[in-house]
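Proteins get letters first, then strands, A, B, ... in listed order; numbering begins at 1 in each. Everything numeric here is computed off the predicted structure, so don't read it as measured data.
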There are 2 protein chains.
Amino acid sequence: MTRKVQCPVASTLDLVGDRWTLLVVRDLLRGRSRFSELRETVEGIPPAILANRLKSLEAAGVVQRRQYQDRPPRFAYQLTAKGHALGVVVGAMATWGEQYADSDLALVDGECGHGIRVVYHCPTCARRSPRRRVRIVDSLRHEV
Amino acid sequence: MTRKVQCPVASTLDLVGDRWTLLVVRDLLRGRSRFSELRETVEGIPPAILANRLKSLEAAGVVQRRQYQDRPPRFAYQLTAKGHALGVVVGAMATWGEQYADSDLALVDGECGHGIRVVYHCPTCARRSPRRRVRIVDSLRHEV
DNA sequence: CGGGGTCAGTTCAAGAGTTGAACTCAGTGC
DNA sequence: GCACTGAGTTCAACTCTTGAACTGACCCCG
């Protein structure tokens, strides 16, 4: 069901625009990697959906399925670089959700260990704008 | 269908975790405000879905429905502050999607007019980390 | 005064996706 | 041999989504 659009938001939503996919990504970011771990931590996901989503994510190059032992064949799912980049989306949702709901999860910098936020950043002005009003325009080339 | 969870990602997804809602928010951010405008610009959305989503968003306090004339009653939908804050999520998807798909949309700072990105930011270190590895942990209070 | 057009939706049948429960199958520990 | 674990698959019931058509209020035009 690929929509033939150019909007990056729409193409992102083609992959992760459902109730479950980003919860799976969230738990992969949390360090879960095995099917059964994900089934336990992704709140009430039916195994059929989990299997289906992991397949889509693998097909999209977002996760990688690795067999980590073969006597009883066992698999681990890990995020690729592309998948780790999706952390910004999950993080943005966490940042937003934290303002409007109680939370037991936090987004933490892998290096300094501090809680972090997802914010706007203008590379031209080198200016960060956590709550800036932002517009979405049809293109930078033919500005609306 | 409220999930009784505390994860901010999950509660955000309860509201916007479907194929359409964030496309509607995107176009509200783009300055569209009337039903017919949204129907035209949200790629192929069925009017029943659009009406339904606008109702949910209004109930969630993300948009506000204003009657802007009453001879023929006409309505405009506008984002509240809460809704504008969702721009970070849409922006994160745009940022991610732009790296993996061609784009005709751009995220623009409302003030300086430059194209902007959505990035991680650590308020403690005052350090911005566009591609930093990030972890999601169970809580900052009782660290995992 | 009648016809066509716009806007903001609603209605409805058909189809697609989701849910929950149960089941499979291989291997392992006891 | 037997229960258990991990990694899924299968299936029927249910719900949600899709697309197309329709409504109804109001305008403008001749």
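Atom-to-atom, CZ of Phe75(B) to C1' of dA25(D) comes out at 11 Å; the value is rounded to the nearest Å. Atom pair Arg74(B):CZ and dG24(D):P shows a separation of 16 Å (rounding to whole Å applied). One atom, CG of Asp18(A), and another, C1' of dA16(C), lie 14 Å apart when rounded to the nearest Å. Atom P of nucleotide dC7(C) and atom CZ of Arg66(B) are separated by 17 Å, given to the nearest angstrom. Between Leu50(A) atom CG and dA7(D) atom P there is a gap of 10 Å when expressed in whole angstrom units. Rounded to an integer number of Å, the gap from CD1 of Ile49(B) to C1' of dG17(C) is 12 Å. Protein atom CG of Asn52(B) is 13 Å distant from nucleotide atom P of dG9(C), rounded to whole Å. Here dG6(D) presents its P atom at 9 Å from CD of Glu37(A), a figure rounded to the nearest Å.
Distances shorter than 4.0 Å separate none of the side-chain N or O atoms of Arg19(A) from OP1 or OP2 on dT17(D). Contact annotation: Trp20(B) side-chain N/O to dC16(D) OP1/OP2 distance is not under 4.0 Å. Taking only side-chain nitrogens and oxygens, Arg39(B) never comes nearer than 4.0 Å to OP1 or OP2 of dT6(C). For Lys55(A), a side-chain nitrogen or oxygen approaches OP1 or OP2 of dT9(D) to under 4.0 Å. Phosphate proximity of dG6(D) to Tyr68(A): absent, as no side-chain N or O sits under 4.0 Å from OP1 or OP2. Between dG8(D) and Arg65(A), a contact under 4.0 Å exists linking OP1 or OP2 to a side-chain N or O.
Considering only side-chain atoms of Ser36(A), the nucleotide from dA8(C), dG6(D), dA21(D) that sits closest is dG6(D). The side chain of Tyr77(B) lies closest to dG9(C), out of dG19(D), dG9(C), dT17(D). Minimum atom distance to the side chain of Arg53(B) is reached by dT17(D), of the listed dT10(C), dT17(D), dG8(D). Side-chain proximity of Pro46(B) to dC26(D), dT18(D), dA7(D): nearest is dT18(D).
Contact of the Leu13(A) side chain with the Arg19(B) side chain is not registered, since no non-hydrogen atoms from C-beta on lie closer than 4.5 Å. Side-chain atoms of Val63(B) and Thr80(B), non-hydrogen and from C-beta on, never get closer than 4.5 Å to each other. Here the side chains of Leu54(B) and Arg65(B) are not in contact, with every heavy-atom distance at 4.5 Å or above. Considering only heavy atoms from C-beta on, Leu28(B) stays 4.5 Å or farther from His84(B) through its side chain.
Nearest-nucleotide positions on DNA chain C place Gly44(A) closer to the 5' end than the other of Gly44(A) and Gln69(A).
Between Arg30(B) and Glu37(B), no side-chain nitrogen of the basic residue sits less than 4.0 Å from a carboxylate oxygen of the acidic one, so the salt-bridge criterion is not met.
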